[in-house]
Amino acid sequence: MKNIIRYFLIASIMVCLPGSSLAFGLVEAWDAARNFNPEYAAAQHQLYAEREKKNIGRAGLLPQLSIATNHTRNHWESPVSMPSSEARSYSFQLNQPLFDVGKYAAFQRGGIEAKMADVQFDLSRQQLLASVIRAYLEASRAQDLLAATLAAKKAYQLQVQQAYLAQRLGTASMLELNEAQAALDGASAKELEDRNELERWQLEVGRLTGLDGKMVYTVDNVLALKPYPESEFQYLANRAMIVNHSVRLAEFAIEVARSEVLAKKSLHMPILALSAAYSDKHDADGFPASRRGSSIGVVFSMPIFSGGGHQAQLRESLSNKDTAQEKLEATRRQVKAQILKALNDMNSGVKLTMAKEKLLLSSKSKLDSTRLGLKVGLRSQLDLLQAEQAYLDAFAGLIESKHRYLTSHVNFALLMGNLDRDMLPRLNSVLS
């Protein structure tokens with residue numbers, strides 16, 4: 001048992017030592033990702049672009065002022081030569097909508113889409129944070145599993161040496177030697193798999209953060225995170241219907257569809273606008289040569305017949321609104337199921353981790369007993385090999401259960417819309 005622990009510690013140091021002085025936690029990883037990740041930068045630029053839709057919609061309701069000027073020089077050649085002449089003019093035009101339901105609907109839709117952009121950006125931010133945490137935890141898990149595999153490989157190498165010596169002395173069978181060699185070969189193959197898995201997640205950490213994925217910490221314990229009481233499951237599921245980003249975006253989609261319905265209805269409505277103008281013209285060939293004038297009035301327009309196109313567009317928008325309502329209901333049901341699953345995963349993760357810890361303790365006791373039995377002749381080398389395999393498998397299972405438990409907390413926070421930087425110190429507390 002002491003040899004196995006010593007081998008595991010040595011393997012852990014071999015995996016972690018190169019970056020020990022430059023290791024970083026989740027807080028540093030997230031701070032780096034915000035400055036490095038182009039997806040996050042793109043989401044920010046998209047947010048700024050979408051927010052302008054509110055200003056674009058409001059501009060349609062505000063006065064529109066324009067100025068025009070013209071300067072013309074005329075040169076006459078026939079029927080007789082005449083001196084050149086010039087004409088100059090400039091004018092101001094003011095238009096103010098008085099009644100235009102279509103422009104009001106565009107203003108309304110722009111405001112809704114700006115709010116949607118804020119929610120979408122916050123969702124993108126939390127999704128990136130979740131990706132950073134998951135990649136970090138996966139790299140940490142792969143690092144732990146590789147250390148366990150290296151420890152197992154060391155133990156199996158010792159078993160092969162002992163079985164070979166015992167077989168030469170006639171105190172062990174060829175079967176025991178073959179079993180030990182098979183376990184060693186299996187550990188060697190597992191080492192290759194674990195190294196590939198570790199490298200994959202280290203590269204993912206680097207892609208998201210720009211940091212060296214080899215510098216992640218490993219999981220120490222999970223005592224800082226506690227399960228939720230089952231009595232709160234339904235309350236949390238109902239609260240998710242209010243705070244979940246996917247549900248909020250689906251609700252905004254209905255509002256956008258309603259504003260589109262209003263815009264299509266406006267195609268049948270009159271449009272009323274105030275128009276005012278001022279002009280100043282100078283033309284040497286005209287009579288009189290200089291003219292100034294101003295005008296003010298109300299412009300009224302009313303569609304009469306569009307070949308049925310307006311009615312078709314209205315029916316289309318109504319169907320789109322019904323579609324958005326059905327999608328909202330589907331999203332609510334999906335999120336509720338995901339919340340309940342995440343809560344069950346967290347609570348079952350606690351129970352599974354406790355069970356894995358008990359299994360590890362019982363495997364340790366069995367290994368100690370087998371070692372003692374081997375000394376007194378009640379157990380064989382094959383029994384010892386099987387006990388060591390069971391212990392190392394239990395150790396690897398405990399690593400897996402701890403990481404699944406942590407990941408379930410991240411998934412739950414993302415569904416509840418409260419995954420933020422404040423959560424990272426609590427996760428860092430279980431890293432060492």
Give, for atom OG1 of T209 and atom CG of L128, the distance between the pair rounded to the nearest 0.5 Å. 10.0 Å
Do you know the tightest heavy-atom contact between L274 and I296? CD1-CG1, 4.1 Å
Determine the sole option in R51, K54, K53 for which the salt bridge (Lys or Arg N to Asp or Glu O under 4.0 Å) test with E113 is passed. K53
Validation row: V298, L272 side chains within 4.5 angstrom (heavy atoms): yes
Identify, with sequence neighbours excluded, every residue that meets salt bridge (charged side-chain N to carboxylate O under 4.0 Å, His left out) alongside R258. none
Can a donor-acceptor pair be found, under 3.5 Å and without considering hydrogens, that links the side chain of N238 to the backbone of Q234? yes
Under the criterion side-chain hydrogen bond (donor to acceptor under 3.5 Å, both in side chains), I'd like the reasoning laid out for K264 against Q313: C-alpha separation, chi angles, the key distance, then a yes or no. CA-CA 6 Å; K264 300 308 178 184; Q313 293 180 48; 3.2 Å; yes
Is it the case that the side chain of Q96 and the backbone of L61 share a donor-acceptor pair, with hydrogens and angles ignored and the cut-off at 3.5 Å? yes
Can you tell me how far the CG atom of L203 sits from the NZ atom of K214, to the nearest 0.5 Å? 9.0 Å
Test your reading of the model: is there a side-chain donor-acceptor pair from N344 to the backbone of L340, 3.5 Å cut-off? yes
Taken to the nearest 0.5 Å, the spacing of S89 OG from R292 CZ works out to 13.5 Å
Is there a salt bridge (charged side-chain N to carboxylate O under 4.0 Å, His left out) between E251 and R332 once you walk through the steps? CA-CA 10 Å; E251 291 173 343; R332 284 173 173 168; 3.2 Å; yes
Going through the distances and angles, do R333 and E329 end up as a salt bridge (charged side-chain N to carboxylate O under 4.0 Å, His left out)? CA-CA 6 Å; R333 294 180 183 181; E329 181 61 27; 3.0 Å; yes
Once the angle between the rings of H310 and H268 is folded into 0 to 90°, is it parallel (under 30°), tilted (30 to 60°) or perpendicular (over 60°)? perpendicular
Tell me if the NZ atom of K265 is crowded by more than 12 foreign heavy atoms within 6.0 Å. no
Any sub-3.5 Å donor-acceptor pair from N411's side-chain atoms to A342's backbone N or O? no
Would you say CZ of F300 has more than 12 non-hydrogen atoms from neighbouring residues, nucleotides or ligands within 6.0 angstrom? yes
Considering all heavy atoms of both residues, which atom of F36 and which atom of G206 are nearest to each other, and what is their separation? CE2-O, 3.7 Å
Are P63 and L94 side-chain neighbours, meaning at least one heavy-atom pair lies under 4.5 Å? yes
Side chain to side chain, L414 and R134, heavy atoms closer than 4.5 Å: yes
Atom CE of residue position M354 - does it have more than 12 heavy atoms of other residues, nucleotides or ligands inside 6.0 Å? no
Below 4.5 Å, heavy atoms only, C-beta onward: do L236 and L343 meet side chain to side chain? yes
Which atoms form the tightest heavy-atom contact between F24 and D212, and what is the distance? CE2-O, 3.0 Å
Nearest atoms (heavy-atom pairs only) where I133 meets L424: CD1-CD2, 3.6 Å
Closest heavy-atom pair, Y217 versus G25, reported as atoms and distance to 0.1 Å, is CE1-N, 3.6 Å
Verify, without hydrogens or angle tests, whether H403 (side chain) and R141 (backbone) share a donor-acceptor contact under 3.5 angstrom. yes
H71, NE2 atom: more than 12 neighbouring heavy atoms under 6.0 Å: yes
Fit a plane to each ring of W30 and Y40, take the angle between them on a 0 to 90° scale, and name the class: parallel (under 30°), tilted (30 to 60°) or perpendicular (over 60°). perpendicular
For the residue pair H409 and Y405, categorise the inter-ring angle as parallel (less than 30°), tilted (30 to 60°) or perpendicular (more than 60°). perpendicular
Can you tell me how the ring of F395 sits relative to the ring of Y391, calling it parallel under 30°, perpendicular over 60° and tilted otherwise? tilted
Where do D122 and R125 land on the salt bridge (charged side-chain N to carboxylate O under 4.0 Å, His left out) test, with the steps shown first? CA-CA 5 Å; D122 193 50; R125 180 188 61 80; 2.7 Å; yes
Determine whether M416 and V243 make a side-chain contact, defined as any pair of heavy atoms from C-beta on separated by less than 4.5 Å. yes
Please check if atom NZ in K190 has more than 12 non-hydrogen atoms from other residues, nucleotides or ligands closer than 6.0 Å. yes
Flag, side chain of Q64 to backbone of A59, donor-acceptor distance under 3.5 Å: yes
T353 side-chain N/O to G349 backbone N/O, donor-acceptor pair under 3.5 Å: yes
Just by modelled atom types, is the G417 backbone N or O under 3.5 Å from a matching donor or acceptor in the Q126 side chain? yes
Student check: side-chain heavy atoms of L262 and V101 closer than 4.5 Å: yes
Would a distance-only check, ignoring hydrogens and angles, find a side-chain to backbone donor-acceptor pair under 3.5 Å from E52 to A49? no
Compare every heavy atom of E357 with every heavy atom of L398, then report the nearest pair and how far apart it is. CD1-CG, 3.6 Å
Under 3.5 Å, is there a donor-acceptor pair between the side chain of T331 and the main chain of A250? no
Run the salt bridge (charged side-chain N to carboxylate O under 4.0 Å, His left out) check on R200 and E204 step by step: do they pass? CA-CA 6 Å; R200 181 169 76 90; E204 182 66 10; over 6 Å; no
Taking the side chain as everything from C-beta on, heavy atoms only, tell me whether E197 gets closer than 4.5 Å to L145. no
Got a sec, which pairs hit salt bridge (Lys or Arg N to Asp or Glu O under 4.0 Å) with one end in residues 36-49, sequence neighbours left out? E39-R207
Residue pair R195 / L146, side-chain heavy-atom distance below 4.5 Å: yes
If you count every heavy atom of other residues, nucleotides or ligands that lies below 6.0 Å from K336 atom NZ, does the total exceed 12? no
Walk me through it: do Q389 and D393 pass the test side-chain hydrogen bond (donor to acceptor under 3.5 Å, both in side chains)? CA-CA 6 Å; Q389 287 177 326; D393 289 343; over 6 Å; no
